[in-house]
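Since the model is a prediction, treat every value here as computed from it, not as a measurement.
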Amino acid sequence: MRPAFLACLIALSTSTVAAPARAWHDGESSDRERPLVHALQTVGVKYRLGGRSPETGFDCSGLIAHVFERAWGVLLPPHTAALRKVGAPVTKLKELEPGDLVFYNTRNRPFSHVGIYLGEGRFLHAPRPGARVWVENAFTPYWRQRFDGARRLDP
């Protein structure tokens with residue numbers, strides 16, 4: 001991934017404003033970067049159980065399905081249990097690459113939550129009812145303890 005692109009991505013991911021994602025996108029992103037661009041455009045969208053669009057809101061798996069459909073035209077399974085079987089496995093946090101799906105045990109059941117890894121230790125997700133899509137540090141104790149692995153998808 002190009003260092004300048006990653007720097008812009010990280011700067012935007014720490015911003016509280018959702019709209020600027022379009023401003024820095026130069027139309028020259030690689031296939032691997034495209035999901036990140038679409039993911040960042042969802043920051044600030046409300047959580048909605050079963051939600052699959054920015055207009056109605058997202059749940060965690062709906063967010064992932066939306067991002068990859070927009071980025072690559074790929075229709076992904078609608079639930080985290082099915083998403084955990086797509087792509088190639090990534091088992092260690094230190095092996096994560098931008099665009100990887102990251103899975104967590106947040107409901108006392110493995111693979112109950114999913115997000116997309118942005119790089120530099122950050123991931124984007126639709127966390128819970130009453131919240132909005134946002135970016136978090138994947139290396140905090142809370143998320144490290146709940147990490148169930150990741151999957152790498154190819155365009």
Side-chain angles (χ1 to χ4, degrees), residues 1 3-25 29 32-54 56-71 76-84 86-87 89-153:
M1 179 159 296
F5 179 84
L6 188 57
C8 287
L9 180 95
I10 299 308
L12 279 173
S13 70
T14 58
S15 170
T16 57
V17 179
R22 286 188 180 98
W24 57 267
H25 177 49
S29 62
R32 294 282 306 155
E33 293 166 347
R34 228 175 279 137
L36 306 179
V37 171
H38 289 279
L40 285 171
Q41 290 174 349
T42 68
V43 170
V45 172
K46 289 182 182 180
Y47 180 95
R48 180 175 156 246
L49 184 62
R52 303 260 180 259
S53 76
T56 61
F58 292 112
D59 65 8
C60 65
S61 59
L63 171 65
I64 298 304
H66 171 81
V67 164
F68 284 90
E69 182 178 1
R70 294 289 186 269
L76 293 177
H79 302 289
T80 56
L83 284 171
R84 73 181 185 166
V86 300
V90 178
T91 56
K92 297 179 182 172
L93 279 170
K94 66 181 180 179
E95 296 171 350
L96 290 174
E97 292 181 10
D100 288 347
L101 303 183
V102 286
F103 293 90
Y104 298 94
N105 178 342
T106 59
R107 296 183 183 166
N108 291 321
R109 88 174 178 266
F111 299 95
S112 54
H113 188 64
V114 63
I116 184 170
Y117 187 70
L118 299 174
E120 299 294 319
R122 290 181 167 79
F123 76 103
L124 181 139
H125 66 132
R128 66 189 170 283
R132 296 180 180 270
V133 173
W134 68 318
V135 176
E136 289 207 56
N137 184 337
F139 300 131
T140 64
Y142 178 87
W143 292 110
R144 274 184 178 275
Q145 291 170 357
R146 288 161 177 81
F147 182 70
D148 279 334
R151 303 297 286 192
R152 184 161 300 142
L153 307 178

For Trp143 and Val102: C-alpha separation, side-chain torsions, deciding distance, then whether side chain to side chain contact (heavy atoms under 4.5 Å, CB included) applies.
CA-CA 10 Å; Trp143 292 110; Val102 286; over 6 Å; no

I need the single residue from Arg144, Gln145, Arg146 that forms a side-chain contact (heavy atoms from CB on, under 4.5 Å) with Tyr142. Which is it?
Arg146

Can you name the nearest heavy-atom pair linking Val114 to Leu101, along with the distance?
CG2-CB, 4.2 Å

Taking side chain as C-beta onward, heavy atoms only, is Arg52 less than 4.5 Å from Asp59?
yes

Would you name the heavy atoms of Ser61 and Leu83 that are closest together and state the gap between them?
CB-CD1, 3.9 Å

Which heavy atom of Arg32 sits nearest a heavy atom of Asp100, and at what distance?
NH2-OD1, 3.9 Å

Supply the atom-to-atom distance Phe139 CZ to Glu120 CD, rounded to the nearest 0.5 angstrom.
9.5 Å

Partner set under ring pair (Phe, Tyr, Trp, His ring centres under 6.0 Å) for His66, not counting sequence neighbours
Phe58

Parallel, tilted or perpendicular, judged at 30° and 60°: which one describes the rings of His113 and His125?
perpendicular

Could you check if a side-chain atom of Ser112 sits within less than 4.5 angstrom of a side-chain atom of Thr106, using non-hydrogen atoms only?
yes

Taking every heavy atom of Pro98 against every heavy atom of Gly119, the minimum-distance pair comes out as CG-CA, 4.0 Å

Partner set under side-chain hydrogen bond (donor to acceptor under 3.5 Å, both in side chains) for Arg48, not counting sequence neighbours:
Thr56

Sequence neighbours excluded, the answer for salt bridge (charged side-chain N to carboxylate O under 4.0 Å, His left out) partners of Glu97 is Arg152

What pair of heavy atoms forms the shortest contact from Val135 to Leu124, and how long is it?
CG2-CD1, 4.0 Å

Does NZ or CZ of Arg84 fall inside the cone over Phe103's six-membered ring, less than 6.0 Å from its centre and within 45° of the axis?
no

Any chance you could measure Arg151, atom CZ, to Thr91, atom OG1, to the nearest 0.5 Å?
10.5 Å

Run Phe147 and Phe123 through ring-ring contact (aromatic ring centres under 6.0 Å, His included) and show every step you take.
CA-CA 12 Å; Phe147 182 70; Phe123 76 103; 9.4 Å; no

Nearest heavy-atom pair of Tyr117 and Ala138: which atoms, and what distance?
CE1-CB, 4.5 Å

Is there side-chain contact between Ile64 and Thr80, with heavy atoms separated by less than 4.5 Å?
no

Taking it one step at a time, do Leu63 and Val45 satisfy side chain to side chain contact (heavy atoms under 4.5 Å, CB included)?
CA-CA 10 Å; Leu63 171 65; Val45 172; over 6 Å; no

